[in-house]
Protein chains: 2
Amino acid sequence: MKKVTINSVASYAGVSKKTVSRVLNNEPNVSAATREKVLAVFKELDYTPNPIARGLAQNRSFIIGCIYDNPSKSYITRVQTGALAACQENNYNLLIHPCELRGDALINNIEQLLQSSRLDGLVLTPPFCDFGELVDFLKSKKIPYARVASAILDDDSISVTSNDEQGAFEITEHLINLGHTSIAFIKGHPDHSATEQRFKGYRRALTTHGIEFNERLVEEGNFSYHSGVDSARSILDLSPRPTAVFASNDYMAAAVLKLATQRNLRVPDDISIAGFDNAPIARHIWPGLTTIAQPVEEMTKQAVTQLITHIIEPQESPYKVILEAKLITRESTAAVK
Amino acid sequence: MKKVTINSVASYAGVSKKTVSRVLNNEPNVSAATREKVLAVFKELDYTPNPIARGLAQNRSFIIGCIYDNPSKSYITRVQTGALAACQENNYNLLIHPCELRGDALINNIEQLLQSSRLDGLVLTPPFCDFGELVDFLKSKKIPYARVASAILDDDSISVTSNDEQGAFEITEHLINLGHTSIAFIKGHPDHSATEQRFKGYRRALTTHGIEFNERLVEEGNFSYHSGVDSARSILDLSPRPTAVFASNDYMAAAVLKLATQRNLRVPDDISIAGFDNAPIARHIWPGLTTIAQPVEEMTKQAVTQLITHIIEPQESPYKVILEAKLITRESTAAVK
DNA sequence: TTTTTTCATGACACCGGTGTCACAATAAGG
DNA sequence: CCTTATTGTGACACCGGTGTCATGAAAAAA
């Protein structure tokens, strides 16, 4: 099995390389007859263009990078799934780049990544989508990028997000409608803009329903299960104990559930628990967690599709989409007794 | 910021392209003085070779692909982490390729993947590592590959695995030592060789301790949480009810725990539950799951490192490693009352 | 010292595509 | 019927590296 190059196709079809290239790229100014002929030879010789050669000639890599730093494996795989779907549709590849760095070290790391991989573009997932320094750096280097799930919308970049504030509002309202007035809240990691957004939604729901905000009911978490355990301890030690807990993500909510169960509290009879994200764990534990589902795959897919579109043909107007988050009620929340 | 190519470096240093190339690749036959000079220019001009051009010249892509089909997100990310670690050390990139196909469709899909991405090699994770047809196809195409966590060892390929049979033996023995004699077992997906291995370990432990194997205690699962729920239902409906359940992975074990809890059974007082894999969920639920931890990252990292080594310089002797699995005891197992 | 071998280096083609431009053939305009 | 556009096509350089081979200089052997 010898390899089939554009040269073999050209000579076999009796045309020049360039003409074959034109057919490959759907360029105009090729007669229908010639196009047919060349396409037939593609089939016959089972020809696939070499993306590396193409990349060299066009100074492209056909690879986009996805940067993340997230304790939730399910979130990461959902992001990857969405990004891959978009890549496959456009004959792009996806390079994954987990990264725990911050500040200058982050910038250096990304610079090196770009240097060594010649990525055509970057997808920034939380928390990177909200790092001004990083975004400015990419802008200065003229590297196309798209932001997923960012709260910052007043800029000129591609951004697809979901409404965290509204989601948090709705789930808090759900608890309030069940009669809860003492609702503890566990914050997420301060680097993530979602942390602020979810907190805002929580407070807005309280305000809307005339419930006074109580700072003592708020705990600082960081989205990790472990931080949820610490926060849960503080909350369950409060007296009087709140009748509900809204954790900024499902892992922390699961931690609250675990600790409550260990202390022989019945959920939801003694205490209601709500999470955020609809991670797999939300339905893998008993009772299942009431939570907010976001279309993570869809967000990422749209962002990457738009990013690739932009790479191929730079757009002037930035693509901005906000998708809906949806309340999922399970067994972990119930009316206050 | 103009781009720095090998040509600019060459003219700046007053040597030829080829000499620069020699320095880049640590080739011999370059005088120390010249090497120093060129290296200094690398620094000064902040030069990074273009991997695409390099790939074209050497007919390599510096990308390896990782194929998987696994319901466990945590397993996938662990595999990725290990693979990425190895890639980064060798200036390789990782292309992820989730794939749910089987049979001819699988082969076609992989063929297309190879055609369009020009991967230098492939990492096969379960269940693909055990698909003879796929392996034969790769062999016939002379695509280097490495197998991770496969039970098949009597071939001439790169393979890094852990001892599933022994792990299953140990955890079953752990239950037996706690006084359990009626231990239900939930099998995994039949495509995975681990399914067979873990079942063997379970049976060997029974035999070793003189416990008669009872087919009615064995349920067919497929590693998914959902299948665990179905299996759990059958097992908990048995009369007499087994005093312990060993599920082939943690998701199914979590399902058993959920169902048992829903039925007001106390774990481990009324029934002990053991899993396999040490997935995050094993410690995120209450009670935490007794399970077997495998060095997934390490396995994958070794496999990929070896794969890249092989790509650079084909080895004659296949690399075979079996790593140890480790019993982790948590609260879900206890002595039978 | 002369011959042979080894070493350091560069010229040049090549990897497999794409961009630019020239050019002939055809179509449209006056 | 003779310009002037328009269209289809190919020659050729180029993208940024690496492989092959020739060559002159230095080192080793005779």
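So that the names make sense, note that chain A is the first sequence line, chain B the second, and so on, each numbered from 1. The analysis underlying the following values was restricted to heavy atoms, covering all of them including side chains, and did not include hydrogens, waters or symmetry mates.
As a whole-Å value, the separation of B:Asn7 CG from D:dT18 P is 12 Å. The distance from atom CZ of A:Arg22 to atom C1' of C:dT18 is 10 Å, rounded to the nearest whole Å. Between A:Arg60 atom CZ and C:dG16 atom C1' the separation is 16 Å, expressed in whole Å. Between the CD atom of A:Glu36 and the C1' atom of D:dG8 there is a distance of 16 Å, given to the nearest Å. Straight-line distance from the CD atom of A:Glu27 to the C1' atom of D:dT6: 17 Å, rounded to whole Å. In this structure, the CG atom of A:Leu45 is 14 Å from the P atom of C:dG16, given to the nearest Å. One atom, CD1 of A:Ile52, and another, P of C:dG17, lie 11 Å apart when rounded to the nearest Å. Note: CZ (B:Arg54) to P (C:dC14) measures 22 Å, nearest angstrom.
Nearest to the side-chain atoms of A:Ser16 among the listed nucleotides C:dG16, D:dA11, D:dG8 stands D:dA11. The side chain of A:Pro49 has C:dG17 as its nearest neighbour among D:dG19, C:dG17, C:dT9. Distances from the side chain of B:Lys18 to the nucleotides D:dG8, C:dG10, C:dT18 place C:dG10 closest. The A:Asn29 side chain lies nearest to D:dT9 when the options are D:dG16, D:dT9, D:dT18. When the nucleotides D:dG17, D:dT9, D:dC15 are ranked by their closest atom to the side chain of B:Asn50, D:dG17 comes out on top. Between D:dG17, C:dG17, D:dG19, one nucleotide has an atom nearer to the side chain of B:Gln58 than all others, and that is D:dG19. Distances were taken from every side-chain heavy atom of B:Lys3 (C-beta onward) to each of D:dG19, C:dT18, D:dG16; the shortest belongs to D:dG16. Here the side chain of A:Val15 is nearest to one of C:dT18, D:dG17, D:dG10, namely D:dG10. Comparing D:dG16, D:dT9, C:dA8 against the side chain of B:Ile6 picks out D:dG16 as the nearest. In this structure, the nucleotide among D:dA13, C:dT20, C:dT9 sitting nearest to the side chain of A:Lys17 is D:dA13.
Residue A:Ser31 places none of its side-chain N or O atoms closer than 4.0 Å to OP1 or OP2 of D:dT7. Checking the phosphate oxygens (OP1, OP2) of C:dT9, a side-chain nitrogen or oxygen of B:Thr34 falls inside 4.0 Å. Taking only side-chain nitrogens and oxygens, B:Ser21 never comes nearer than 4.0 Å to OP1 or OP2 of D:dG17. Under 4.0 angstrom from either OP1 or OP2 of C:dC15 there lies no side-chain N or O belonging to A:Thr5.
Evaluation of atom-type donor-acceptor distances gives no pair under 3.5 Å for the side chain of A:Arg35 against the base of D:dG8.
Using bins of under 30°, 30° to 60° and over 60° for the plane-to-plane angle, the ring pair A:Phe42/A:Tyr47 lands in the tilted bin.
Among the heavy atoms of the strands, none lies under 4.0 Å from B:Asn59. Residue-level contact check: B:Val20 touches neither bases nor backbone, having no heavy atom under 4.0 Å from any strand.
Counted by atom type alone, B:Ser162 and B:Gln294 present one or more donor-acceptor pairs between their side chains at under 3.5 Å. Side-chain atoms of A:Ser72 and A:Ser74 include a donor-acceptor pair closer than 3.5 Å.
Residues B:Tyr47 and A:Gly14 both approach DNA chain D. Their nearest nucleotides, taken by heavy-atom distance, put A:Gly14 toward the 5′ side. With DNA chain C read from its 5' end, the first of the two nearest nucleotides for A:Ala57 and B:Ala53 is the one closest to B:Ala53.
Here B:Thr305 pairs with B:Ala86, B:Lys301, B:Thr309 under the side-chain contact (heavy atoms from CB on, under 4.5 Å) rule; sequence neighbours left out.
Heavy atoms from other residues, nucleotides or ligands lying under 6.0 Å from CD of B:Glu27 number more than 12. Counting non-hydrogen atoms of neighbouring residues, nucleotides and ligands closer than 6.0 angstrom, the CZ atom of B:Phe131 exceeds 12 such neighbours.
The backbone N or O of B:Leu114 sits nowhere less than 3.5 Å from a side-chain atom of B:Ser117 that would complete a donor-acceptor pair.
Across all their heavy atoms, B:Lys3 and A:Asn59 have their closest contact at NZ-ND2, 3.8 Å. For B:Ile107 against B:Leu134, the heavy-atom pair with the smallest separation is CD1-CA, 3.7 Å.
Annotation: the terminal axes of the helix from C:dT1-D:dA30 to C:dG30-D:dC1 meet at 40°, where each axis is the rotation carrying the C1' atoms of four end pairs onto the next four (5 pairs per end, rounded to 10°).
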